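To keep things clear, I will list the structure first and then write my remarks on it.
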Amino acid sequence: MRGETKPDVCVIGLGYIGLPTAAIIARAGCAVHGVDVSQDVVDTINRGEIHIEEVDLDGLVQAVVQRGLLKASTQIRPADVFVIAVPTPFAKDGNHTPDTSYVMAAAEKVADVLKPGDTVILESTSPVGTTEVVRDTIAARRLDLALPGQCDGRADISLAYCPERVLPGRILEELTHNDRSIGGITPRCARKALAFYKRFVKGECVTTDARSAEMTKLVENAFRDVNIAFANELSMIADRQGLDVWEVIRLANRHPRVNILQPGPGVGGHCIAVDPWFIVHGAPEEAQIIRQARETNDAKMHHVLDQARQLIKAAPTEKVACLGLAFKANIDDFRESPARYIAASLAREFGDRVYIVEPYAVELPPEFKGTGARLVDIDTALEECAVLIPLVDHDVFKVIPAEERHDKVIYDTRGIWPDAA
Ligand code: SAJ
């Protein structure tokens, strides 16, 4: 729109969420200054290239960088809107304690360049109450500013929590079209953040308070984790009772109001396996089902490993193909992947009898070094391996026809070959 003043935006954290978010905001015509602690990441982006794998992101980043709408730096700069999208990992105490130190470090950087009228948005998945701690962190550094929820009149700064809910592989599409929670510290903050998101979000932007928005993000992923745990528990019961869990789930899901998810070798990724622990940490006595679901999904990974070991020991002279290392189908993300953990454990125990097939890998991850395991293509695995263990439901594995695997011993942890059950 001619003459419309678009806000200058600063996005802090240029990872899996921050970089696509920065690129989409720039595509909407805002001047975006991206900040990351890694000089390599900054240099890569300023060359119009990307350091992560995501469909169509390379073309978009190249375009907005070439148009001068996205620039990256390790230093923060003043802006009208600040979006914090830094990691919130577990602390290293072994108790799944949320570590919000990266968020607070970003909040301190933002505080030092804030001016009246600016908006600060936290997107990182965070324990309930974090946005208020960001507000307090800013207030402590900027006694000259009136912060929302701490002043009677109109605050100088707007502050909101606005989580994303994108699927890897569909991030650009989902950042644009998914509905979004806009959680303001005050209703006025929510309205300011809403106006910003409507510049590039076509989905419905639903305003609420910051705590509700923080909990909503955690609840979405905990809901999925609990439902996956139900499927995984069913599969372990089925193994004990000699049942075909895939057949049972297929039949049960014909009920008009039943939708049992799919068992797998555990739950991977940096979201579903992490976020529920943020709820448990905040309410350890009450969050019983949520905690148990996490423990069940982790137990499933060890169950699959034990089952696979027994199978391999029963075929002592045969080669074994582990199909897949990624944490989920059709993407090249191997972080926090149960498949990778299981395959590496089998490689350490059975050495060069183990072949690994992972179409998204050009080399095996470092933990396979010295085990004797080999990365091979699917044709080699089918020719040389008598035991097949699908660990990831990549499409390229699903399409292997029955005649190419009819004489194999199969442990199908993903139910990708219903005819083989
Ligand atoms: N999985 C199963 N069985 C299933 C579904 C998933 O075993 O029926 C496993 C997958 O193999 C994978 C893990 O669960 O190992 C998580 O995969 P996912 O596709 O459920 O989730 P993510 O981590 O890729 O993305 C989730 C999404 N959240 C929900 O679906 C509620 C996404 O919308 C979020 O934005 C993302 O977490 C996030 O960033 O929080």
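Note that ligands are numbered from 1 as they come in the structure, with each ligand's atoms numbered from 1 the same way. Treat the numbers as computed from the prediction; the structure is a model and nothing was measured.
- A cation-pi arrangement, defined by a distance under 6.0 Å to the six-membered ring centre and an angle within 45 degrees of its axis, is present between R374 and Y355.
- The nearest protein atom to atom 25 (O) of ligand 1, hydrogens excluded, is given as L167 CD2, 3.6 Å; this is a heavy-atom distance.
- H96 and F90 have perpendicular rings, their planes meeting at more than 60° on a 0 to 90° scale where under 30° would count as parallel.
- Remark: R335 qualifies as a cation-pi partner of Y16 under the 6.0 Å distance and 45° angle criteria applied to the six-membered ring.
- For atom 21 (O) of ligand 1, the nearest protein heavy atom (residue, atom name, distance) is I272 CG1, 3.6 Å.
- By the criterion of a heavy-atom distance under 4.0 Å, both the backbone and the side chain of Q262 are placed next to ligand 1.
- No more than 12 heavy atoms of other residues, nucleotides or ligands sit less than 6.0 Å from atom CZ of R77.
- Residue L261 has no N or O atom closer than 3.5 Å to an N or O atom of ligand 1.
- Under 4.0 angstrom from ligand 1, the non-hydrogen atoms of V166 all belong to its backbone.
- Of the options R224, H270, M301, the smallest heavy-atom separation from atom 20 (O) of ligand 1 is shown by R224.
- Here is the list of ligand 1 atoms found below 4.0 Å of a heavy atom in E220: 31 (C).
- Put simply, part of R414 is less than 4.0 Å from ligand 1, judged by heavy atoms.
- Residue-ligand proximity: G269 is placed with every non-hydrogen atom at 4.0 Å or more from ligand 1.
- By heavy-atom distance, the residue among R170, K328, E336, K300 lying nearest atom 19 (O) of ligand 1 is K328.
- Distances shorter than 4.0 angstrom occur between a heavy atom of K217 and an atom of ligand 1.
- Heavy atoms from other residues, nucleotides or ligands lying under 6.0 Å from CD of E233 number 12 at most.
- The local environment of CD in E53 is sparse, with at most 12 non-hydrogen atoms from other residues, nucleotides or ligands closer than 6.0 Å.
- Set against the non-hydrogen atoms of E164, the atoms of ligand 1 under 4.0 Å away are 35 (O), 39 (O).
- Close approach to F327 involves these atoms of ligand 1, each under 4.0 Å from a residue heavy atom: 10 (C), 11 (O), 12 (C), 15 (O), 23 (O), 24 (O).
- For E174, no nitrogen or oxygen atom sits less than 3.5 Å from a nitrogen or oxygen atom of ligand 1, counting backbone and side chain alike.
- At the top of the distance list for atom 33 (O) of ligand 1, counting protein heavy atoms only, stands R165 O, 3.2 Å.
- Near C271, with a cut-off below 4.0 Å to any heavy atom, the atoms of ligand 1 are 23 (O), 36 (C), 37 (O), 38 (C), 39 (O), 40 (O).
- In this structure, H302 and Y341 have perpendicular ring planes: the angle between them is above 60°, well past the 30° mark.
- Side-chain atoms of V206 and S181, non-hydrogen and from C-beta on, never get closer than 4.5 Å to each other.
- Atoms of ligand 1 found under 4.0 Å from any heavy atom of P168 (numbered from 1 in listed order, with element): 24 (O).
- Between V35 and H33, some side-chain heavy-atom pair lies under the 4.5 Å cut-off.
- Between F397 and H394, the gap from one ring centroid to the other is short of 6.0 Å.
- Between F278 and S126, the closest heavy-atom pair is CD2-C, 3.9 Å.
- Residues T131 and E214 bring a donor and an acceptor atom of their side chains to less than 3.5 Å of each other.
- For a threshold of 3.5 Å applied to N or O pairs, the pair formed by G268 and ligand 1 contains at least one separation below that value.
- Ligand 1 has a nitrogen or oxygen under 3.5 angstrom from a nitrogen or oxygen of N221.
- Among protein heavy atoms, atom 1 (N) of ligand 1 sits closest to I228 CD1, 3.6 Å.
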